[in-house]
Amino acid sequence: MLEQIFYGNTVESWTISAIIILTGYLLRVIAGKIYDKKLLISPAKKSKTKFLAFFFEALESPLKIGIILFSLWLALWRLDFDLHLKFLVARSFMLLSVLTVTWFTARLLTMSVEDSIRSNEAKTYHGKRIATKHTPLVKRSVNLIVWIVGIAIGLHNIGMEITTLLGTLGIGGIAFALAAQDTIKNVIGGVIILSDKPFNIGDRIKFDAIEGEVSDIGIRSTVIRTDDKRLVIIPNYKLLDSLITNIAKEPARRILMEIGLTYDTTPEKMEEALDILRNIPDRVEEVHRKDETASEHAKIKLDVIAEFTAYGDSALIITFIYYIKKSADIFHTRSKVNFEILRAFNRAGISFAFPTITITHS
């Protein structure tokens, strides 16, 4: 009975092939049980390197598919078929094998890249943990590159001429690039911003007449939230072509004021006014003192400056410069300073000037 022939093969050959397929299925089930009980991943996670854990985790699904593919190929290859059919089976198995390896490679690389990005680009800003938002984009990019290379290798291995295909894609790519110049410039700009890091999410920056906090850095555009809580979306290539002030990197906020006193102010009262202004840090703790340093910016002078600098059209001009500590609220501190100046000048009998016009009669 085992010697009877069906479709060019004996019953014995068909039976052995069926056993091979069944064995492959059982091995696939065993592999699933091993992963369900974390017999490979748990010990790997305890190792010093994360790569081993990523390796076994990425291997799970491709390994299950690979076992089934190999058992099917082995079962069919040992049977006697038409040479054309055997050739088709061999090429199909070769292509599917390359795609399975590509699948495993893509999973492994994206896991490694994601872990690297999250550990390197996550940052602390004002006590809040901010994780990078670029992980999905990088993962998709890595996936795309790996799959393009894998498919090209697979097609080459089964004898397909890919140079002609690449030539056709090249012509189409040129046409696409011409139609999407701005998009390409934005993408390149996004990559440069992400790599050079002139600013990070949470930093306060000034771009042209726009000032605000960076809310998001995308591959095409950067989003800034202004003080009036509006979102301004700026194409990345414009940021590269313009001057950007990273206010978050400043050691302190510099405030410049011009205070006008009336022309009947005596030299003694002018000196008193200057002394009041120079002593503002003693009255407002949010203002930097002369003997204080700003952490890593210790070499930067943050002295309070108050000088009689000009005779204006209707006032004696005092230039007053002070620095607000980085941890302080800027608007609240400016208000406190202004109140202190107002109270001190009123107590000292120092008068602020206002625009006046003198009319003479002939």
Side-chain angles (χ1 to χ4, degrees), residues 124-128 199-200 202-207 209-214 225-229 243-358:
T124 300
Y125 181 73
H126 287 185
K128 297 180 181 179
F199 51 81
N200 294 308
D203 285 355
R204 186 178 183 85
I205 67 172
K206 184 175 182 180
F207 162 72
I210 302 169
E211 181 178 332
E213 183 178 295
V214 178
R225 186 177 293 278
T226 60
D227 293 331
D228 58 3
K229 306 305 178 185
L243 293 175
I244 301 173
T245 303
N246 192 333
I247 300 173
K249 301 300 182 183
E250 64 185 4
R253 175 58 63 91
R254 177 178 180 271
I255 304 297
L256 184 148
M257 298 175 59
E258 287 191 345
I259 301 173
L261 303 184
T262 57
Y263 261 94
D264 60 359
T265 302
T266 64
E268 292 75 19
K269 285 296 181 182
M270 175 63 75
E271 288 289 352
E272 185 177 356
L274 296 179
D275 288 338
I276 291 172
L277 296 176
R278 289 165 184 161
N279 292 324
I280 283 294
D282 296 330
R283 303 179 183 181
V284 182
E285 62 180 2
E286 292 87 353
V287 176
H288 267 284
R289 300 174 183 271
K290 183 177 182 179
D291 57 345
E292 286 181 324
T293 57
S295 62
E296 72 273 16
H297 303 280
K299 295 182 180 180
I300 300 177
K301 293 184 178 181
L302 301 176
D303 299 347
V304 172
I305 297 174
E307 300 293 345
F308 176 25
T309 55
Y311 291 93
D313 293 337
S314 56
L316 303 175
I317 306 299
I318 295 175
T319 299
F320 178 41
I321 300 174
Y322 64 95
Y323 295 86
I324 299 176
K325 295 178 181 179
K326 195 171 183 179
S327 59
D329 182 273
I330 295 171
F331 294 104
H332 180 64
T333 304
R334 292 184 68 172
S335 178
K336 288 179 66 175
V337 170
N338 290 340
F339 269 116
E340 285 297 327
I341 295 173
L342 182 62
R343 293 191 186 101
F345 277 24
N346 285 341
R347 285 194 298 267
I350 300 172
S351 302
F352 293 99
F354 52 88
T356 57
I357 299 176
T358 301

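In what follows, residues are counted from 1 in the order of the sequence shown.
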Exercise. Working to the nearest 0.5 Å, report the span between OG1 of T245 and CG of L243.
Key: 7.0 Å

Quiz item: Knowing that exactly one of I255, I280, L277 qualifies, which makes a side chain to side chain contact (heavy atoms under 4.5 Å, CB included) with V337?
Solution: I280

Quiz prompt | Beyond-backbone contact of L316 with Y311, side-chain heavy atoms, under 4.5 angstrom | solution = yes

Quiz item: Going from CG on N279 to CG on L274, what distance comes out if it is rounded to the nearest 0.5 angstrom?
Solution: 11.0 Å

Practice problem: Could you tell me whether E307 and R278 make a salt bridge, using a distance below 4.0 angstrom between a side-chain N and a carboxylate O? | Solution: yes

Quiz item: Salt-bridged, D227 to R204, with N to O below 4.0 Å?
Solution: yes

Self-check item: Heavy-atom closest contact (F199 atom, I205 atom, distance)
Solution: CB-CG2, 3.8 Å

Quiz item: Sub-3.5 Å donor-acceptor pair from the side chain of K336 to the main-chain atoms of R283, do we have one?
Solution: no

Quiz item: Distance-only, no hydrogens or angles: does the S335 side chain make a donor-acceptor pair with backbone N or O of F331 under 3.5 Å?
Solution: no

Quiz item: If you look at every heavy atom in K325 and V287, which pair is closest and at what distance?
Solution: CE-O, 3.9 Å

Exercise. Please test F345 against L261 for side-chain contact (heavy atoms from CB on, under 4.5 Å), starting from the C-alpha separation and ending with a verdict.
Key: CA-CA 10 Å; F345 277 24; L261 303 184; 3.8 Å; yes

Self-check item: Audit row: D303, Y323, side-chain contact (heavy atoms from CB on, under 4.5 Å) steps and yes/no
Solution: CA-CA 8 Å; D303 299 347; Y323 295 86; 6.0 Å; no

Exercise. Answer yes or no: does atom CG of L256 have more than 12 heavy-atom neighbours from other residues, nucleotides or ligands under 6.0 Å?
Key: yes

Practice problem: Nearest 0.5 Å please: distance from the CG atom of D329 over to the CD atom of E286. | Solution: 9.0 Å

Quiz item: Which value, rounded to the nearest 0.5 Å, describes the distance between I350 atom CD1 and T265 atom OG1?
Solution: 7.5 Å

Exercise. Considering non-hydrogen atoms only, spot the tightest contact between G260 and A315 and give its length.
Key: CA-CB, 3.8 Å

Exercise. Could you check if a side-chain atom of M257 sits within less than 4.5 angstrom of a side-chain atom of N338, using non-hydrogen atoms only?
Key: yes

Quiz item: Between atom CD1 of I318 and atom CD1 of I305, what is the distance when rounded to the nearest 0.5 Å?
Solution: 14.0 Å

Quiz item: Which heavy-atom pair separates A328 from T333 by the least distance, and what is that distance?
Solution: CB-OG1, 3.7 Å

Quiz item: Taking all atoms of both residues into account, what is the closest heavy-atom pair of G202 and E213, and its distance?
Solution: O-CG, 3.5 Å

Practice problem: Decide yes or no for R334 and Y322: does some side-chain heavy atom of the first lie under 4.5 Å from some side-chain heavy atom of the second? | Solution: yes

Practice problem: State the CD1-CD1 distance between I276 and I341, to the nearest 0.5 angstrom. | Solution: 9.5 Å

Practice problem: Taking atom CZ of F339 as the centre, report whether more than 12 heavy atoms of other residues, nucleotides or ligands fall under 6.0 Å from it. | Solution: no

